Amino acid sequence: MGRNIVHKIMEGHLVSGNLAAGSEVGISIDSTLIHDATGQMALLQFEALGLSRVKTKRSVTYTDHNTLQVGFENMDDHAFLASASRKFGLHYSRAGNGICHQINLERFSVPGDTLLGADSHTTTAGGVGMLAIGAGGLDVAVAMAGGPFYLIMPQVLKVELRGELPAWSSAKDVVLEILRRLTVSGGRGKILEFAGPGVETLSAAERASIANMSMETGALTAIFPSDEITRRYFISQNREEDWREIQADREARYDEEMFVNLSDIEPLVARPHSPDNVVSVRVEQGLPVDQVAIGSCTNSSLEDMLKVAAILRGKFVPPGVSLIIAPGSRQVLRDLTTASALADMLAAGGRLVETACGFCNGVGQAPRSNGVSLRTSNRNFPGRSGTADANLYLVSPETAAASAIHGLITDPRTLGQPIEINLPEQFMVDDRMIVPPSREGEEVEIIRGPNIAPLPQFEGLPDELEGELLLDLGDNITTDDILPAGAHILSLRANIPAISRYIFSRIDPHFAERAQAAGTGFILGGQNYGQGSSREHAALAPRYLGVRAVIAESYARIHSANLINFGILPLELIHKEDLKRFSPGDQLRMRNLITLVRESRKFPLENVTQGFVVETRLDLSPRLREILLAGGLLAYIREKSRTGPRC
Ligand code: MIC
Ligand code: SF4
């Protein structure tokens, strides 16, 4: 029986376990990615592991999430990241160079290699056949130290693409269609592997957009073959030597299959407030828009930007519409200037902002109260834009540009003749904004401004937990709900005591005080708890405030791993009807935890206030049991290194 791409790459990287879906496997990691929202913790944690240099083939730190510098905190972070990267052997991409996933695709991706990134959209590199996975910063720190990445072997879902996209439909519409079908939880426990004749009709940038946003289905990652089109992309990046062909075998076996006929894809839009709330753009046609924001790691390639420029050429945005344009990288921006496309964008009234994440995670360009913002990014969760009651709609660059010139949501098909763009044979390759690591043995001093706080230390798991149920939340709670995005909070990512003040602050502004007063706390969620970003702060900071267990129906993968990494129990309710039996403020208790974590899958949870016991479950591999007993991954590694090999 033939092998699919996922199994081929995993086999080549297997360190422990076997590839049977559902079992724990360890894989070796070739490259890592961190940035200025997750990298501070990852580097502090790497430092705590006691190694002097990273052991990966290549590790890179990017400065893209928060480049506003409204106070010293932000620059303290950048100076720390730059100096620690140099010392520990990481490349450092300076502010202004662009968004991590776009630069990784351009300059560092390698088909067939593994990449672990402290960012959920690390999956973007799947567009060129890299097995690219998002994880918490601590898991990435361990990978930088040469340790394997452990995961539950997912099922491989073949997404067979047929046909060809019609004019005005775009890669973004393909992934919106996949989200419409799978929803934000339908990809859980799966990797999406793209196959079929439709693949060769898509460019590398289009595939990367699809791989980027596929993770919103909850999938571990998504991957495309690396073929002649990929090779041409590498040639135009002047990196043909990094290209390698990766194809599934002819009779490759998959766990599941779905079909997408590209010829049937029409322009789509994800309505507020979830990326799976997808309808045809025709349904929303005519809705007045206040803001159109084009960019983010999903849609900021040269191809996307050239299409936008072609649509804007000779037009002008009406009063009342703010058109934000953020090209994905310095390379894209420079190529736009030579193609004179930038001139067309500016002439149309476009507001050029720095090549960074920016508007996508609430760092600038917040819409007006109750405003409508049309975005080419990948998430429209409530409050993500920085305006609590704004309405975010996710669309393709074509739909965004068409809507910008009309001031109304506009089906791009109404623009008539399809646009034509010319991509250069060779992109503008210039790596001078990427600072190489120091030479081995060279003295480098790490710069630690006052915003760089020491790592908090946590004790091991106690035998008994008793505390208050602090919050009762619903389904699909995002990490943006747990720890909001935005420039101010982002500038505290290196300072756990300071950032913990903002945990659940949009849901309850007094949460942090209540949690600390309670001493030990529990959180109740619904389905798919912790979906969205990889930010480990959404686990680490609650732990700092005394949260020791979350009770939910199910969890998003990265967040559940982060909870365990910081010694919080991610308990699953066995009978979901039990969710309704709890009230905030109830006193909860768990006994004999040490024995239960060592031996059991079932964890009785007592509601002392109301006098009942419910059954919860925690499926743990022996390694995860030990991590929980130690109180978290760092403590576990320290214990291990006293008794055996590191990591
Ligand atoms: C996001 O898109 O939500 C972020 C900001 O890039 C996050 C990273 C973070 O919050 O640390 C992600 O996707 O992982
Ligand atoms: Fe940056 Fe937005 Fe992409 Fe996250 S989703 S990496 S914030 S551009």
Side-chain angles (χ1 to χ4, degrees), residues 33-42 61-68 77 81 93 95 98-105 116-125 132-140 172 175 208-209 211-216 218 221 275 293-301 304 324 326-329 332 353-365 375-381 383-386 392 394 478-487 489-494 499 502 530-541 556-559 561-562:
L33 169 162
I34 56 176
H35 54 58
D36 56 330
T38 55
Q40 298 86 316
M41 276 298 130
T61 307
Y62 298 87
T63 322
D64 55 356
H65 275 64
N66 194 4
T67 53
L68 278 190
D77 282 3
L81 290 171
S93 171
I99 305 175
C100 53
H101 307 304
Q102 177 64 27
I103 301 170
N104 176 61
L105 197 74
L116 194 71
D119 189 280
S120 57
H121 295 106
T122 301
T123 58
T124 315
I133 302 173
L138 181 49
D139 283 326
V140 177
K172 177 61 151 278
V175 69
S209 293
N212 171 291
M213 206 171 163
S214 291
M215 71 68 50
E216 304 298 342
T221 189
I294 301 177
S296 94
C297 57
T298 324
N299 281 115
S300 59
S301 64
D304 286 332
I324 314 295
S329 68
V332 172
V353 296
E354 191 169 11
T355 53
C357 300
F359 70 84
C360 175
N361 63 337
V363 179
Q365 323 302 334
R375 305 179 153 216
T376 64
S377 46
N378 45 38
R379 288 185 177 147
N380 55 351
F381 301 143
R384 181 161 168 106
S385 63
L392 311 185
L394 308 177
T478 71
T479 48
D480 280 309
D481 295 321
I482 304 172
L483 178 68
I489 303 179
L490 254 179
S491 65
L492 303 173
R493 290 285 181 102
I499 207 168
Y502 296 92
Q531 68 159 328
S533 92
S534 68
R535 65 191 70 147
E536 65 188 349
H537 301 73
L540 171 51
R557 172 191 65 90
I558 306 181
H559 190 60
N562 285 339

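As the structure lists them, so they are numbered: ligands from 1, and atoms in each ligand from 1. Owing to the predicted nature of the structure, the values given are computational and were not obtained by experimental measurement.
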**Message:** Is it the case that the side chain of S329 and the backbone of V332 share a donor-acceptor pair, with hydrogens and angles ignored and the cut-off at 3.5 Å?
**Reply:** yes
**Asked** With a 4.0 Å cut-off on heavy atoms, does R384 reach ligand 2?
**Response** yes
**Fill in**
One should read off an interatomic distance between L490 CG and R535 CZ, to the nearest 0.5 angstrom, of 7.0 Å
**Asked** So, S377 side chain and S296 main chain: donor-acceptor pair closer than 3.5 Å or not?
**Response** no
**Message:** Using a 3.5 Å distance criterion without hydrogens, assess whether the side chain of N361 forms a donor-acceptor pair with backbone atoms of A485.
**Reply:** no
**Request:** Run the contact test for H537 against ligand 1 with a 4.0 Å cut-off on heavy atoms, strictly below, and give the result.
**Result:** no
**Request:** Classify the contact between N378 and ligand 2 as side chain, backbone, both or neither, using a heavy-atom distance cut-off of under 4.0 Å.
**Result:** side chain
**Asked** Please state which protein non-hydrogen atom is closest to atom 8 (C) of ligand 1 and give its distance, to 0.1 Å?
**Response** D119 OD2, 3.4 Å
**Fill in**
shortest atom 12 (C) of ligand 1-to-protein heavy-atom contact is with S533 CB, 3.2 Å
**Asked** Would you say the side-chain atoms of T122 pair up with the backbone N or O of L116, donor to acceptor, closer than 3.5 Å?
**Response** no
**Gap separating the CG atom of N562 from the CG atom of D139, nearest 0.5 angstrom** = 7.0 Å
**Fill in**
d(Q531 CD, D481 CG) to nearest 0.5 Å is 8.0 Å
**Request:** Ignoring angles and geometry beyond distance, decide whether D480 reaches within less than 3.5 Å of ligand 1 through its nitrogen or oxygen atoms.
**Result:** no
**Request:** Please report the C-alpha distance between R493 and D36 in whole Å, then the side-chain angles of each, then the deciding distance to 0.1 Å, and finally whether the salt bridge (charged side-chain N to carboxylate O under 4.0 Å, His left out) criterion is met.
**Result:** CA-CA 8 Å; R493 290 285 181 102; D36 56 330; over 6 Å; no
**Request:** Please state whether R379 comes within less than 4.0 angstrom of ligand 1, counting heavy atoms only.
**Result:** yes
**Request:** Find all atoms of ligand 1 within a distance of less than 4.0 Å from any non-hydrogen atom belonging to T38, and give their numbers and elements.
**Result:** 11 (O)
**Asked** Closest non-hydrogen protein atom to atom 13 (O) of ligand 1, residue and atom name please, with distance?
**Response** S120 OG, 2.5 Å
**Prompt:** When you look at D77 and N66, which way does the side-chain hydrogen bond (donor to acceptor under 3.5 Å, both in side chains) test go after all the steps?
**Reply:** CA-CA 10 Å; D77 282 3; N66 194 4; over 6 Å; no
**Message:** If you measure every N or O of S534 against every N or O of ligand 1, does any of those distances drop under 3.5 Å?
**Reply:** yes
**Request:** Report yes if N361 has an N/O atom closer than 3.5 Å to an N/O atom of ligand 1; otherwise report no.
**Result:** no
**Asked** Which atoms from ligand 1 have a heavy atom of R384 less than 4.0 Å away?
**Response** 1 (C), 2 (O), 3 (O)
**Request:** Starting from atom 10 (O) of ligand 1, locate the nearest protein heavy atom and write down its residue, its atom name and how far away it is, to 0.1 Å.
**Result:** R535 NE, 2.6 Å
**Asked** Looking at H65, which atoms of ligand 1 are within less than 4.0 Å of one of its heavy atoms?
**Response** 4 (C), 5 (C), 6 (O)
**Complete:** For atom 11 (O) of ligand 1, the closest protein heavy atom turns out to be R493 NH1, 2.7 Å
**Asked** Does a donor on one side chain and an acceptor on the other come within less than 3.5 Å for S533 and R384?
**Response** no
**Prompt:** After noting the C-alpha distance and the side-chain angles of H101 and D119, does the key distance pass the side-chain hydrogen bond (donor to acceptor under 3.5 Å, both in side chains) rule?
**Reply:** CA-CA 9 Å; H101 307 304; D119 189 280; 2.8 Å; yes
**Request:** To the nearest 0.5 angstrom, please state how far the CZ atom of R379 sits from the CG atom of L394.
**Result:** 10.5 Å
**Asked** Closer than 2.8 Å to atom 1 (Fe) of ligand 2, which protein N, O or S atoms?
**Response** C357 SG
**For ligand 2, the portion of R535 having any non-hydrogen atom under 4.0 Å away** = neither
**Item:** Gap separating the CD1 atom of I324 from the CD atom of Q365, nearest 0.5 angstrom
**Value:** 4.0 Å
**Request:** Could you tell me the separation between the CD1 atom of I103 and the CG atom of D64, rounded to the nearest 0.5 Å?
**Result:** 7.0 Å
